[in-house]
*Asks:* 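I'd like to ask some things about the structure below.
Remember, predicted model here, so these are calculated numbers, not experimental data.
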Amino acid sequence: TYYMYPASQRWYQMGGANADSDPITFVTADGIEMTVTGVVNFDLETGCETLRIFHERIGNRTQAYFNEDGSSTGWGNMLDVYVGGPINTAIDRAGQEYSYKDLYNDPATKAEWEKKVIELLPGLVDRQTDGDETFFKNFTVTLQKPEPPKAIKDALVAQQSKVADAAAKKAEADAQVATAKAQKALEEAEAAKAKIWIDTLGADGYLKKLVIESGQNPYQPASARVTDK
């Protein structure tokens with residue numbers, strides 16, 4: 001008599017198509033309940049003695065072994081208990097160290113949170129299996145961006161929109177101020193240049209200069225009256 005167990009990498013998926021469980025919910029440091037989807041990858045320890053103990057303690061009782069056709073009656077249920085429970089706990093514990101805004105808006109905070117989940121998970125899994133042996137190893141965890149409730153998410157989007165709108169208005173006002181300053185500087189330069197010409201040509205001469213530059217003739221011909229005798 002023999003029982004088959006997987007020797008290749010396995011996974012536990014939270015949320016999404018064909019998932020092993022629903023998305024996981026957790027509470028942040030500021031008391032907001034968030035939802036996250038993701039995948040936990042791992043290997044089953046296939047060393048002979050450890051695998052025999054796993055079968056006797058967990059696999060046989062939950063019918064987690066596989067059939068010849070690759071199906072299993074209890075593998076999924078076993079994962080819910082021995083991986084699903086610990087990953088829920090790890091995500092919740094790590095999430096309590098951060099605010100929902102940081103987790104939602106800051107990629108660096110999200111990466112740090114994910115790293116802490118990975119650090120917590122192996123110990124929680126070993127505690128769940130209740131023994132000295134390690135049955136699951138080589139954990140990797142990939143978590144998507146956690147989502148706050150829709151009402152809070154909508155409020156964040158509205159707030160970000162207001163901030164962007166305010167920034168755009170400030171940029172427009174700054175541009176108008178810069179234009180006004182440039183116009184003033186130009187007018188002051190033109191006035192200074194005009195003063196130099198006035199000092200040189202006199203006011204009347206300067207005005208005639210302007211008339212000439214505009215294409216007109218300031219020197220109109222004198223008229224003469226002829227009287228017939």
*Asks:* Closest approach of Glu119 and Pro122, non-hydrogen atoms and distance?
*Replies:* O-CD, 3.7 Å
*Asks:* Trp11 and Tyr82: same hydrophobic cluster, using ILVMFWY side-chain contacts below 4.5 Å?
*Replies:* no
*Asks:* Would you kindly confirm whether Val39 and Met34 end up in one hydrophobic cluster when ILVMFWY residues are joined by side chain heavy atoms under 4.5 Å apart?
*Replies:* no
*Asks:* Drop me the distance from Asp30's CG to Tyr100's OH, to the nearest 0.5 angstrom.
*Replies:* 6.5 Å
*Asks:* Kindly indicate, with the supporting measurements, whether the criterion side-chain contact (heavy atoms from CB on, under 4.5 Å) is fulfilled by Tyr104 and Thr28.
*Replies:* CA-CA 11 Å; Tyr104 185 67; Thr28 61; over 6 Å; no
*Asks:* Roughly how far, to the nearest 0.5 Å, is the OG1 atom of Thr200 from the NZ atom of Lys195?
*Replies:* 9.5 Å
*Asks:* Can a side-chain donor-acceptor contact be found between Glu56 and Asn60 if the only test is distance below 3.5 angstrom?
*Replies:* no
*Asks:* Kindly indicate whether the side chain of Leu44, heavy atoms from C-beta on, has any atom under 4.5 Å from the side chain of Phe54.
*Replies:* yes
*Asks:* Considering only NZ, NE, NH1 and NH2 on the basic side and carboxylate oxygens on the acidic side, decide whether Lys170 and Asp174 come within less than 4.0 Å.
*Replies:* yes
*Asks:* Passes side-chain contact (heavy atoms from CB on, under 4.5 Å), Met78 versus Val81? Steps please.
*Replies:* CA-CA 5 Å; Met78 182 275 297; Val81 175; over 6 Å; no
*Asks:* Just so I know, are the side chains of Leu79 and Trp75 near enough to count as touching, which here means a heavy-atom distance under 4.5 Å?
*Replies:* yes
*Asks:* Can you measure from CD1 (Ile32) to CZ (Phe26) and round to the nearest 0.5 angstrom?
*Replies:* 11.0 Å
*Asks:* May I ask you to check whether over 12 heavy atoms, not counting those of Asp69, lie within 6.0 Å of atom CG?
*Replies:* yes
*Asks:* Do you know which two heavy atoms are closest between Ala29 and Ser99, and how far apart they sit?
*Replies:* CB-N, 4.3 Å
*Asks:* Which heavy-atom pair separates Thr109 from Asp106 by the least distance, and what is that distance?
*Replies:* OG1-OD2, 2.6 Å
*Asks:* In a check of side-chain contact (heavy atoms from CB on, under 4.5 Å) between Met14 and each of Asp22, Val40, Thr35, Asp20, which one passes?
*Replies:* Val40
*Asks:* With side-chain contact (heavy atoms from CB on, under 4.5 Å) as the test, would you mind laying out the steps for Trp113 and Ile91 before giving the verdict?
*Replies:* CA-CA 8 Å; Trp113 165 66; Ile91 287 174; 3.7 Å; yes
*Asks:* Less than 4.5 Å apart, side chain to side chain, heavy atoms only: is that true for Leu121 and Phe42?
*Replies:* no
*Asks:* Decide yes or no for Phe135 and Val125: does some side-chain heavy atom of the first lie under 4.5 Å from some side-chain heavy atom of the second?
*Replies:* no
*Asks:* Return the minimal non-hydrogen interatomic distance between Gln63 and Ser72, and the atom names on each side.
*Replies:* O-OG, 3.6 Å
*Asks:* Applying the 4.5 Å side-chain criterion to the ILVMFWY set and letting contacts propagate, would Tyr12 and Leu120 be lumped into a single cluster?
*Replies:* no
*Asks:* Taking C-beta and beyond as the side chain, do Asn138 and Asp43 meet within less than 4.5 Å on heavy atoms?
*Replies:* yes
*Asks:* If I compare all heavy atoms of Val117 with all of Ala94, which pair ends up nearest, and what's the gap?
*Replies:* CG2-CB, 3.8 Å
*Asks:* Let me confirm one number: the CG-CD distance from Asp92 to Glu33, rounded to the nearest 0.5 Å.
*Replies:* 9.5 Å
*Asks:* Contact between Glu112 and Glu97 at the side-chain level, heavy atoms closer than 4.5 Å - yes or no?
*Replies:* no
*Asks:* Is the shortest distance from a Lys or Arg side-chain nitrogen in Glu187 or Lys184 to a carboxylate oxygen in the other one below 4.0 Å?
*Replies:* no
*Asks:* Side-chain contact test, heavy atoms from C-beta onward, threshold under 4.5 Å: evaluate it for Arg93 versus Leu124 and give yes or no.
*Replies:* yes
*Asks:* Looking at Glu114 and Leu143, would you say the former's side chain and the latter's main chain have a donor-acceptor pair under 3.5 Å?
*Replies:* yes
*Asks:* A quick test of your reading: do over 12 heavy atoms of other residues, nucleotides or ligands sit less than 6.0 Å from NZ of Lys137?
*Replies:* yes
*Asks:* Distance check, rounded to the nearest 0.5 Å: Asn41 atom CG versus Thr140 atom OG1?
*Replies:* 4.0 Å
*Asks:* Show your working on side-chain contact (heavy atoms from CB on, under 4.5 Å) between Met4 and Tyr2 and close with a plain yes or no.
*Replies:* CA-CA 7 Å; Met4 291 196 302; Tyr2 67 90; 3.8 Å; yes
*Asks:* Would you say that Tyr98 contacts Lys116 through its side chain, given a criterion of any heavy-atom pair below 4.5 Å between the two side chains?
*Replies:* yes
*Asks:* Check Pro146 against Lys110 and note the closest heavy-atom contact, atom names and distance.
*Replies:* CD-CG, 4.0 Å
*Asks:* Other residues, nucleotides and ligands only: do more than 12 of their heavy atoms fall within 6.0 Å of NZ on Lys145?
*Replies:* yes
*Asks:* Between Tyr5 and His55, does any side-chain donor sit less than 3.5 Å from a side-chain acceptor?
*Replies:* yes
*Asks:* Is a side-chain donor or acceptor of Glu45 paired with a backbone partner of Gly47 at a separation under 3.5 angstrom?
*Replies:* yes
*Asks:* Looking only at atom types and distance, does a side-chain atom of Ser71 sit under 3.5 Å from a main-chain N or O of Asn67, one as donor and one as acceptor?
*Replies:* no
*Asks:* Could you state the interatomic distance from CD (Gln183) to CD (Glu188), rounded to the nearest 0.5 Å?
*Replies:* 10.5 Å
